[in-house]
Amino acid sequence: MSQTDNATATSPAKSDFIRDMIAEDLQQGRNDGWVVTRFPPEPNGYLHIGHAKSICLNFGLALENAPKARCHLRFDDTNPIKEDTEYVESIMEDVKWLGFDWGQHLFYASDYFEKLYEFAEQLITKGLAYVCDLSPDQVREYRGTLTEPGKNSPWRDRSVEENLELFRKMRAGEFADGSRILRAKIDMAHPNITMRDPAMYRIMRAHHHRTGDAWCIYPMYDYAHPLSDALESITHSLCTLEFEDHRPFYEWLIANVNGLPGSPYQREFARLNLNYTVMSKRKLLRLVKENHVNGWDDPRMPTISGFRRRGYTPESIRHFCSTIGLTKFKGVTDYAVLEHCIRDDLNKRALRASAVLRPIKVVIENYGADRVEELEFPNNPEDPNAGVRMVPMCNEIYIDADDFMEEPVDGFHRLAPGREVRLKMAFCIICKEVVKNADGSIKELICTYDESTRHGKKPEGRPKPKGIIHWVSARHAVDAEVRLYDRLFTVESPDAGDEDFLQFLNSASLEIVAAKVEPSLAIAGAGARYQFERVGYFYVDPKDSVLGRPVFNRTVTLKDSWAKVAAK
RNA sequence: UACCUCGUGGUGUAACGGUAACACAGGAGAUUUUGGAUCUCUUAUUCAAGGUUCGAAUCCUUGCGAGGUAGCCA
């Protein structure tokens, strides 16, 4: 249960427009039959479920097309002011946890800084790039607008020699930050703004997490990415839709730079959107920095580390990613699909246990005050191989507050004064009396049990109880902290309107309860997953749980058709 | 009256000129020592208008709608 299975090529590989395209390439014999992809995160934040889609795609393609296929992990670390090794480490951990392996193919765009610099000189030499002295404001002004063409920079026609000299001085640190850029010389009237002499290098004195202070000029993504792809002989560079407009520049670079080992092409797919959450790194960063959640791995976060700590399995996330498909349509996937995937997985694998989240004490007056017995429970009714365990019973038990109603509404099948229910895997009890505290709250329930109703036998002379409830022995129960997580936002699209998405934060997204759990759970190991019967799936918190005093995170509730009826 | 992309049940996807299907969600029932799970049944779909064709979700035209793009971010 705790070990993770790596992804395999046998995972369902449905067809989609990307796979169709690759099949066509293979059929045409392009790239000598190789499929080389890459997952290129910038190490400026933690990976989220949207990245999982890209990881499953890129690494999945490598698996599906083996042996002439591979997927690289490449850190796109071209903007040092935002990047950090903490993020590099978390990204590697998350990719591995998802079940993927980059093998020897770990790269950094910063590894190519020298090469990239040489390519820039090459473009200058060809008259395809120039140093521009315009200020950022002027660059914007000269660029034109969406509907009007731009105009040429006054520095556009410098000689090759002058450009070369200036660019070398840029590298040598002779100019102030932001004072000059190297631009491609394309077309300032191009209808696609990306092609209006895009910036390739900027001057930025920032400490880089890998190259330190070796550089004071850094390449732009649009320049570095295509060339990095080519240097690694990537064949298919797959990215999200917002880069579609950048494709012509990608192709321009591949066509105009000589000495590239590969000739990749870029295609774009729609990023994942999930309702009831936010997915942008900026917003996630804000949730963390402003302490709306407890760090990147808070179980309410849509980060991979958040889902991991919530108790999701890598298999369930991979299954989710294959379920949602791959298109260019920007849709919003229902969170229920993700929940279905984790329930489906855990139903088959999670051991069952009894836990009472909001305990009410029940005294079984005819049971015998000193009597204790051990009852046999299946560990997983879905899996006979999971075996059985013994669970103690005595005359005092806890049941869940949800399973008792002093004045039962229509359709309520559980315990109420004068009513009978079955205690799961034990016997039936009838509620004789409700004992109250001075403040009117329930102190305990006095019940009687019927010895003849064991092993599923129905009571004689009375109707068969419709309700079966879970319980734990009060004298044997273990105290546990249970963290009940719910969706982080109250609305489907927290970031849709002009309003601040934080105002839609769900104030009830975390409820911590003091639960009573069956004794076998005292030694629940970090990372173990259980189904608390009739309640949901729970994960032993890897950071806060200790032996004897376990902490459980609710991964997802069980489907509860009564709750749905009761809500009406 | 810029450029690019996308429009199939409530949601996400499939159908690659030949009976519009799958999953989730919703509804009904069966079953059940989890109101779970499982099983059965069910509601509901091609943005619009023209055109091509024996036949169009698919090809063409036009329109409409949605989104992206004016960082020295990625």
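Bear in mind that the values here come from a model prediction, so they are computed numbers and not experimental data. Order of the sequence lines sets the chain letters (A, B, ...), proteins ahead of strands, with each chain counted from 1.
At a threshold of 4.0 angstrom between heavy atoms, the contacts of Glu42(A) are confined to the sugar-phosphate backbone, with no base atom among them. Looking at heavy-atom distances under 4.0 Å, Met220(A) makes contact with sugar-phosphate atoms alone, never a base. Contact annotation for His470(A): no contact, since no heavy-atom pair falls under 4.0 Å across all strands. Across all strands shown, Ile217(A) has no heavy atoms under 4.0 Å from either base or sugar-phosphate atoms. Within the 4.0 angstrom heavy-atom criterion, no nucleotide atom of any strand lies near His225(A). Among the heavy atoms of the strands lying under 4.0 Å from Asp245(A) is at least one base atom, whether or not backbone atoms are also near. In this structure, Thr145(A) reaches the bases: a heavy-atom distance under 4.0 Å links it to at least one base atom across the strands shown. Residue-level contact check: Thr78(A) touches the backbone only, with heavy atoms under 4.0 Å from sugar-phosphate atoms and none from bases. Glu533(A) comes within 4.0 angstrom of a base, heavy atoms only. In this structure, Ile181(A) reaches the bases: a heavy-atom distance under 4.0 Å links it to at least one base atom across the strands shown. In this structure, Phe412(A) reaches the bases: a heavy-atom distance under 4.0 Å links it to at least one base atom across the strands shown. Counting any heavy atom pair closer than 4.0 Å across all strands shown, Leu558(A) reaches a base atom. Pro381(A) comes within contact range of at least one nucleobase, with a heavy-atom separation under 4.0 Å. As judged by a 4.0 angstrom heavy-atom cut-off over every strand, Arg343(A) is placed among residues making no nucleic acid contact.
With a cutoff of under 4.0 Å to any heavy atom of chain A, the contacted region of RNA chain B is bounded 5' to 3' by rA2(B) to rA74(B).
Taking atom P on both nucleotides, rA14(B) is separated from rA56(B) by 23 Å, rounded to a whole Å. With C1' as the reference atom, rU53(B) and rU45(B) are 24 Å apart, rounded to whole Å. Rounded to whole Å, the separation between the C1' atoms of rC6(B) and rA44(B) comes to 23 Å. Between rG17(B) and rA23(B), the distance separating the two C1' atoms is 27 Å to the nearest Å. When the P atom is used for both rA57(B) and rC73(B), the distance is 49 Å, rounded to whole Å. Taking the C1' atom of each, rA21(B) and rA2(B) are spaced 40 Å apart, rounded to whole Å. Separating the P atom of rA20(B) from that of rC24(B) is a span of 23 Å, rounded to the nearest Å. Taking the P atoms as reference points, rA48(B) lies 36 Å from rG29(B), given to the whole Å.
With a 6.0 Å radius and a threshold of 12 heavy atoms from other residues, nucleotides or ligands, His455(A) has its NE2 atom at or below the threshold. The local environment of NZ in Lys464(A) is sparse, with at most 12 non-hydrogen atoms from other residues, nucleotides or ligands closer than 6.0 Å. Counting non-hydrogen atoms of other residues, nucleotides and ligands closer than 6.0 Å to CD of Glu24(A) gives a total above 12.
Both distances falling under 3.5 Å, in either a Watson-Crick or a G-U wobble arrangement, occur for no nucleotide opposite rU46(B). Summarising the base pairing, rA66(B) is matched to rU5(B) through a Watson-Crick or G-U wobble pair whose two defining distances lie under 3.5 Å. The partner of rC59(B) is rG51(B), by the rule that a Watson-Crick or G-U pair needs both atom distances under 3.5 Å. Pair assignment for rU31(B): none, as no Watson-Crick or G-U wobble contacts are both less than 3.5 Å. In this structure, rC22(B) and rG12(B) make a Watson-Crick or G-U wobble pair, each of the two defining distances being under 3.5 angstrom.
Aromatic ring centroids of Tyr537(A) and Phe532(A) lie 6.0 Å or more apart.
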From CA spacing to verdict: salt bridge (charged side-chain N to carboxylate O under 4.0 Å, His left out), Glu242(A), Arg271(A) = CA-CA 9 Å; Glu242(A) 64 271 27; Arg271(A) 63 167 0 126; 3.1 Å; yes

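Tested against Tyr218(A), the residues Tyr223(A), Tyr201(A), Phe113(A) include a single ring pair (Phe, Tyr, Trp, His ring centres under 6.0 Å) partner, Phe113(A).
Heavy-atom nearest nucleotides on RNA chain B were determined for Lys281(A) and for Lys464(A), and the one closer to the 5' end corresponds to Lys464(A). Both Asp16(A) and Ala563(A) sit near RNA chain B, but only Asp16(A) has its closest nucleotide nearer the 5' end.
Annotation for Glu420(A) and Cys428(A): closest pair OE2-CB, 3.3 Å, computed over non-hydrogen atoms.
Remark: the Asp222(A) side chain and the Tyr250(A) side chain contain no N/O donor-acceptor pair separated by less than 3.5 Å.
Base orientation at rG65(B) is anti, since its O4'-C1' glycosidic dihedral falls outside 90° of 0.
Between Trp215(A) and Tyr117(A), the angle of the ring planes lies from 30° to 60°, which puts this pair in the tilted group.
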